[in-house]
Amino acid sequence: MRLISLALKNFRQHADTKLEFRAGLTGIIGPNGAGKTTILEAIAWAVYGASAVRGTKDTLRFNRAAGRSAVRAELEFELRGERYRVERTPRNAELYRVEQGEPIAAGINEVTRQLTRRLGMTRQEFFNTYFTGQKELQFLAAMGPTERARFLSQVLGYERLRAAQSMAREQRKVLKGQVDELRRTLGDAEEIKQAKEAAETRLKESHAALRDTEHRQTNAATRLAELEPAWNELQTARERDRQIHEELRVAQARLERVMKEQKEAETELASLAEAGQQLSTLRSEVRPLEELREGEEQLRHLAEAESRRVRLGKLLADQRDRVDALAKKVAEQEEKGRARGEIAERLVAQEEECERVEARREEVTTHWERDKEDARANLRILRGQAEELKTQIEQLKSQGPEGACPTCKRPLGSEYDQVLHLVSGQYEEVVQDGKWHHKRLDQLESEPEDVIAVREQLSKAREERERLKGKLAAADSAISQAEALRSELGVEEEEARSMAGELAALPEGYDAERHATVRAELEHLREIEKRVTRLETRLERQPAVRSAKAKAEEEERQIRAQSDALEQGRLELGFSEGTYRSVAAEYEEARAALEGARLELERVRGEAEAARHAADAARQAEKEFRQISQSITERQREHRLHNELDEALGDLRHELNDRVRPELSEIASVFLAELTDGRYNQIEINRDFDVVVLDAGEEKPVISGGEEDLTNLVLRLAVSQMIADRAGQTLSLLIFDEVFGGLDEQRRENVVRLLQRLQDHFEQVILITHIESIREGMDQVTRVTFDERTGMSLVRDESPGATSKSLLSEDLTTLVSN
Ligand SMILES: Nc1ncnc2c1ncn2[C@@H]1O[C@H](COP(=O)(O)OP(=O)(O)OP(=O)(O)O)[C@@H](O)[C@H]1O
Ligand SMILES: [Mg+2]
């Protein structure tokens, strides 16, 4: 297979990518996540469809694609000299031969099927042939022998044998478990047999008992049926006899009640006749009652007037006393009011007197205060003078005749005594004056007599003024009281006049003695009148009592006739309690026998049912025993079969592995010779799938990293070659995706150099990597970058000599600028 071109639309982040593949060593270089591996995935998708890619149908579409934009891949390639083009979308696929216009296959499944057939490999084989996945080279070297053998048998397709073997083992285990479980539930054959025999015997016995009891029940039922008619008849007769007896008892009770009613009616009628006679006597007695009532009414009116007169007379006398007292009070108040004018004049004069005395008191008090102030001032001056003179004397005495004169300041000399005498005399005088003024001040401290006299005069004048004010207020109050009392007096006088008028209008001539006589007579007749009313009420019942009596007599006749008929009926029925009892005992005995038989039958039936169940269960247990035994035998046979299958598959796997190793060794030896220019030409893959290089038939230990990389690559290529050979293909294409893994720079160079050497052998070698430095030594370089702004992968050809034209189509440029 040789790749020619790939065009992608909205395939993951490849919104619009076009790529051409040429012969030689091509490097696809770009940072992590740029979309390099996605290009490989797109190739696989174009050939094998959805099962060849990571994720789901939904994650396939460019996540920023507009609206319903289509996902699409177009791959052109050459196979055995023919050029093909496959076009695929998630819903459809078409396969063309490039020189023909019409598709040679259409539809997702059909295209995949055709390509699988033409390539001669499954999807898995395709991957294992052309692609070497990320880190796969070292990954193989790092595996242990078992894992490595497993990996190789997986890529070569033998792993399906292992899967089949493990399924066989699994099934064998399940079968063993089932056999053990069945054995546990199987039970003991002898026990099951004995239980079945016992159950059969029990069933037979219970059937015999059932027949016997059914016979007894039939006999008892026949006897009961024979007794039934006589028994029923007797019961009806007894019921009827009881009924007649009850009816007679009721008739007797009614008869007694009716007889009693008749008697009561007769007694009441006799007493009513007597009452009628009494009534006519009493009616003549009460005839004068009306007239007497009228007379008593008039007397009552006169009595009321008389008592009103007495009460009113007393009230009028009181009223007149009240009027007199009021008139007297009015006169008193008027008298008091008359002195008001004179009192007012006196009050004015007294107020003037008060003002006058007040002025006088002001005057004498001011005079006294002034005297006191003068005396205090004189005393202060004299004290100052005395102080000064005393100092001078002391000065003179201390300085003696040498001292200076206190007044003229000249030396005293001989005048000392004279000056001292003079000054001492002045001092004495001042002291005497001071004493006098002191005494005077003491006198002035107590109030002088004229001040006391004027103060007392003022107090009296004020007292008099207050007294007059009180008198004036009293006179004013008397005047207003007199007015109020006068209006009250008018009202009371009017009341007295009205009372006198009423008194004069009251009728006269009341006779108390006669009134008492009339009232006693009236009381007597009223009692009689009440009796008359009572008798009349009683007599109203007379017709009702008469008709009740007649009704009771009629009823008596009817009851007697009914009783006679009932007695007659009873005689005709001829029921005997003795006969009834003996038949009842016989019937009860037969019924009990039947009931006993029925209960026994029920019990026996239950037993028969239980026995049947027990027999069924025993038969079932026997059947199950047979079935389980058979299942065990079958599963044991199957178990043996799976055992053999497991062994056969194991042997086959080993044999295939043994056959594969020499074949792989041979192919690897050819690659080894090619890659080492014949320096080494023999490689051996031992039982552990370790690769051993032979140098002139001798085992050469692999020691350097370079040699390790070489052997890993040789082994991986041998595997690819082997699959391609089996598919009848020439292996012309190799794709390595990030195979460097953790290799250092030196070893990366080794691998690149080895890959360069492969060019002669393989037409197309594609190396995908994020390592920039390997671009040296590539025939072509394709750069893949990721554009953050648009979220798309950008792919450009950076091969030496290529124009730096972007491989982006014009459509995409338009899309991005949007
Ligand atoms: N439907 C999609 N639309 C857009 N981007 C997607 C979609 N599906 C996956 N991706 C992005 O694709 C990127 C992975 O791409 P890919 O595996 O091709 O990268 P790579 O270049 O091989 O990186 P590395 O060097 O790490 O292997 C991820 O960043 C993922 O987010
Ligand atoms: Mg990748």
Side-chain angles (χ1 to χ4, degrees), residues 3 6-19 21 26-75 88-91 126-128 130-139 716 733-743 745 748 751-752 755 765-775 778 780-798 806-809 811-812 815-816 818:
L3 301 176
L6 177 70
L8 302 176
K9 280 253 192 268
N10 296 315
F11 188 91
R12 301 239 157 89
Q13 68 272 56
H14 288 276
D16 191 355
T17 291
K18 281 184 183 144
L19 207 63
F21 300 97
T26 302
I28 297 180
I29 303 175
N32 292 124
K36 305 184 294 292
T37 303
T38 306
I39 293 172
L40 292 192
E41 264 189 302
I43 294 170
W45 185 66
V47 178
Y48 287 102
S51 65
V53 292
R54 303 170 284 181
T56 62
K57 214 194 251 178
D58 302 328
T59 59
L60 209 59
R61 203 155 84 100
F62 176 42
N63 56 13
R64 297 210 208 166
R68 308 182 126 258
S69 335
V71 176
R72 187 181 170 82
E74 237 183 83
L75 174 71
R88 192 181 282 272
T89 69
R91 291 165 189 280
F126 179 86
F127 273 104
N128 289 329
Y130 300 126
F131 294 154
T132 300
Q134 301 200 338
K135 298 179 190 153
E136 210 172 272
L137 282 184
Q138 300 93 287
F139 167 70
R716 186 66 186 84
L733 168 69
L734 281 178
I735 305 173
F736 295 90
D737 185 4
E738 293 291 7
V739 287
F740 298 121
L743 296 187
E745 189 150 357
R748 279 208 300 269
V751 176
V752 173
L755 294 178
V765 177
I766 300 172
L767 181 63
I768 294 174
T769 184
H770 67 280
I771 299 164
E772 282 292 327
S773 57
I774 61 99
R775 58 181 299 149
M778 296 285 136
Q780 281 91 228
V781 174
T782 297
R783 172 158 304 280
V784 184
T785 51
F786 179 71
D787 184 84
E788 292 284 349
R789 192 174 63 82
T790 57
M792 294 174 186
S793 289
L794 305 180
V795 178
R796 61 163 72 221
D797 189 355
E798 288 187 353
S806 165
L807 291 185
L808 280 175
S809 73
D811 292 359
L812 183 62
L815 193 78
V816 171
N818 284 342

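These values consider heavy atoms only, across backbone and side chains, with no hydrogens, waters or symmetry-generated copies. All ligand and atom numbering here is 1-based and tracks the order in the structure.
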- Is G33 in polar range of ligand 1, meaning some N or O pair under 3.5 Å apart? yes
- Side-chain touch L767/M778, heavy atoms, less than 4.5 angstrom: yes
- Query: With a 4.5 Å limit on heavy-atom distance, are the side chains of R12 and L60 in contact?
  - Reply: yes
- Task: Going by heavy-atom distance to atom 8 (N) of ligand 1, choose the closest among E738, R12, H14.
- Result: R12
- Message: Distance check below 2.8 Å: does N32 bring an N, O or S atom to the Mg ion (ligand 2)?
- Response: no
- Query: Using 4.0 Å as the upper bound for N to carboxylate O, is an ion pair formed by E772 and R783?
  - Reply: yes
- Any P90 side-chain heavy atom under 4.5 Å of W45 side chain: yes
- Per-atom contacts, ligand 1 versus F62 - under 4.0 Å to a heavy atom: 3 (N), 4 (C)
- Got a second to check how far F21's CZ is from T26's OG1, nearest 0.5 Å? 8.0 Å
- Query: Heavy atom of G30 under 4.0 Å from ligand 1?
  - Reply: no
- Note on the structure: Of E41, M792, Q13, the one whose closest heavy atom lies nearest atom 15 (O) of ligand 1 is Q13
- Counting from 1, what ligand 1 atoms have a heavy atom of T38 closer than 4.0 Å? 15 (O), 16 (P), 18 (O)
- Item | ligand 1 atoms in contact with R61 (distance to a heavy atom under 4.0 Å) | 1 (N), 2 (C), 3 (N)
- Task: Give me the ring orientation class for F131 and F126: parallel if the planes are under 30° apart, tilted from 30 to 60°, perpendicular past 60°.
- Result: perpendicular
- Per atom 4 (C) of ligand 1, closest listed option by heavy atom (N63, I768, T59): N63
- Query: Does any non-hydrogen side-chain atom of K36 lie less than 4.5 Å from one of H770?
  - Reply: yes
